[in-house]
Each structure stands twice: as C-alpha cells, then as structure tokens.
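Okay, structure first, notes after.
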Amino acid sequence: MTLGLFDDAPAPYAAPKVIAPGAALLRGFALGVDEALLQAVEAVTAAAPLRHLVTPGGYTMSVAMSNCGALGWVSDRSGYRYDAKDPLSGKPWPAMPACFAELALRAAAEAGFDNFRPDACLINRYEPGARLSLHQDKDEGTMDAPIVSVSLGLPAVFLFGGLNRGDKPARYRLQHGDVAVWGGPSRLAHHGVAPLAQGEHARLGGRRINLTFRRAR
Ligand code: MD6
Ligand code: FE
C-alpha cells in the first residue's frame, strides 16, 4: 500500500477534540497499546466467540459481537439486556483484560470523567457493509458513567447526533487507535456507524474492531 501525501496516517495522540458538551474524540489515544488490545481481543473471542445477535424485531445484526467483564450486552427476540453469562456457553463472560480496563480509565479521565471503572466491554466486529443504525446506549443501570469507544482496524464513519433522534448527526472518521468518549450531558446522545467501506488494514485486514466500555450497574 502506498500512502499519498495527504492520506491521514495515524498521528500520535495530541489532545481531546470536544465534539459536544461531555463528548470528545481522542485521536490516536490507543496507538501505544493497540497490539496488546488486539491480542486480548483474540483471547476473549476464543473463549466467547463473536456472533451475530438477533434484535427484538427479528433482524440479524450485521455487526458481530462478544463481551468481556462482569456483564455483557446481549440481544434476542425477548429484548436487549445485560447478562452475567454468555448465552452461547452458559458460562460467565471472560474477565476484562487489564489492558482494557486501564485504557478505558485513562481515556475517560482524559475526556474529563475520573474514576471510570467499566464492568462491561462489548466487542464489535465490522466487515464491509456492516453498520449500526442511530441509537442511544440506554440499557445501563446508571447514566453517571461515560461510554468509552475504541476503534481498531479499518476506518469507519461515526455518526454523532443529539439527544433527539431527529437531530442531524455529525460525521467523524474514526481510525485505528482513535477513542471516542461521551458522558454527562451527552450520555444519551444518539450515535451510530455508517456502513463499513471495503479496505485493507495492515494488522486487521478487511475488518474493524470496536471496543465499547460501559458501567452497566
Ligand atoms: C462503534 N458502537 O462501533 C460504536 N452501541 O463505533 C456502538 O455504539 C454500540 O457497537 C451499542 C451496542 C453496540 C455497539
Ligand atoms: Fe452505542
């Protein structure tokens, strides 16, 4: 692959970019620990495989998901919920790797949210065409903690809207190593991911991995 003069190569982390009150992009924040994160993703998904969940409405999600931590986010015909057990195995979700918890804590603090101790990490795998429609993260038992979202692999267009579903979302290109944090007045902001474009990432090939950290209870 050749990199043209104006292609955006990963730059070292500089500073938060505030995109709304309580919401920031930390571009490149995870670059120093990306390989550790990816090795931990491989270990977690070997124990709790990525799978395509079914929505309460009966649609199969295009994003494949797994979890680690005390609680995992799941969806089936009966609804969305957090569950301490992986419904595929009946066993507890894998423990949250230390490098996950440490990065989430540091990223939240960088965005102004101290003492973030996530008890749930959703692992999402996007392949070309996979998308996540505009939604709010509102299945958590507390809205006091922020959401921390880490992007790895192929770039994606992140849609970040407002508190009302009708608010036109802004579009941000999230690259490998970028972290988005939203909490406080933006905790219930609508957000989503546009259909993933084809591409080739040096480490992950034709995929994007997203880690979404939450305090579920
Ligand atoms: C992202 N993901 O992939 C953002 N929310 O960049 C999410 O916002 C998300 O993947 C709820 C459930 C699954 C998700
Ligand atoms: Fe979400």
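All residue numbers refer to positions in the sequence shown, counting from 1. Every number for a ligand or one of its atoms is a count from 1 in the order of the listing.
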TODO: Go through N124 and W73 one step at a time and tell me if the side chain to side chain contact (heavy atoms under 4.5 Å, CB included) criterion holds.
DONE: CA-CA 11 Å; N124 299 305; W73 185 86; over 6 Å; no
Open item on the list: Checking D167 now: which residues fulfil side chain to side chain contact (heavy atoms under 4.5 Å, CB included) with it, not counting sequence neighbours?
Closed with: N164
Open item on the list: I'd like to check P169 versus L134 (side-chain heavy atoms, cut-off strictly below 4.5 Å). Are they in contact?
Closed with: yes
Task: side-chain hydrogen bond (donor to acceptor under 3.5 Å, both in side chains) involving S75 - partner list, sequence neighbours excluded - done: none
- [ ] Name whichever N, O or S atom of D137 ends up nearest to the Fe ion (ligand 2).
- [x] OD1
Task: Presence of salt bridge, D76 and R81, under 4.0 angstrom - done: yes
I'd like the atom pairs linking ligand 1 to the protein - N or O on both sides, separation under 3.5 Å - with distances to 0.1 Å.
{"residue": "ligand 1", "atom": "3 (O)", "partner": "Y126", "partner atom": "OH", "Å": "2.5"}
{"residue": "ligand 1", "atom": "3 (O)", "partner": "R208", "partner atom": "NH1", "Å": "3.1"}
{"residue": "ligand 1", "atom": "3 (O)", "partner": "N210", "partner atom": "OD1", "Å": "3.3"}
{"residue": "ligand 1", "atom": "5 (N)", "partner": "H135", "partner atom": "NE2", "Å": "2.9"}
{"residue": "ligand 1", "atom": "5 (N)", "partner": "D137", "partner atom": "OD1", "Å": "3.3"}
{"residue": "ligand 1", "atom": "5 (N)", "partner": "R214", "partner atom": "NH2", "Å": "3.2"}
{"residue": "ligand 1", "atom": "6 (O)", "partner": "R208", "partner atom": "NH1", "Å": "3.3"}
{"residue": "ligand 1", "atom": "6 (O)", "partner": "R208", "partner atom": "NH2", "Å": "2.9"}
{"residue": "ligand 1", "atom": "6 (O)", "partner": "N210", "partner atom": "ND2", "Å": "3.2"}
{"residue": "ligand 1", "atom": "8 (O)", "partner": "H135", "partner atom": "NE2", "Å": "3.3"}
{"residue": "ligand 1", "atom": "8 (O)", "partner": "H191", "partner atom": "NE2", "Å": "2.9"}
{"residue": "ligand 1", "atom": "10 (O)", "partner": "N124", "partner atom": "OD1", "Å": "3.3"}
{"residue": "ligand 1", "atom": "10 (O)", "partner": "N124", "partner atom": "ND2", "Å": "2.6"}

Give the table of side-chain donor-acceptor pairs shorter than 3.5 Å for residues 41-54, with sequence neighbours excluded, one pair per line with atom names and distance.
{"residue": "E42", "atom": "OE2", "partner": "R203", "partner atom": "NH2", "Å": "3.3"}
{"residue": "T45", "atom": "OG1", "partner": "V41", "partner atom": "O", "Å": "2.8"}
{"residue": "R51", "atom": "NE", "partner": "P49", "partner atom": "O", "Å": "2.7"}
{"residue": "R51", "atom": "NE", "partner": "M65", "partner atom": "O", "Å": "3.2"}
{"residue": "R51", "atom": "NH1", "partner": "D86", "partner atom": "OD1", "Å": "2.9"}
{"residue": "R51", "atom": "NH2", "partner": "P49", "partner atom": "O", "Å": "2.9"}
{"residue": "R51", "atom": "NH2", "partner": "D86", "partner atom": "OD1", "Å": "3.3"}
{"residue": "R51", "atom": "NH2", "partner": "D86", "partner atom": "OD2", "Å": "2.9"}
{"residue": "H52", "atom": "ND1", "partner": "M61", "partner atom": "O", "Å": "2.9"}

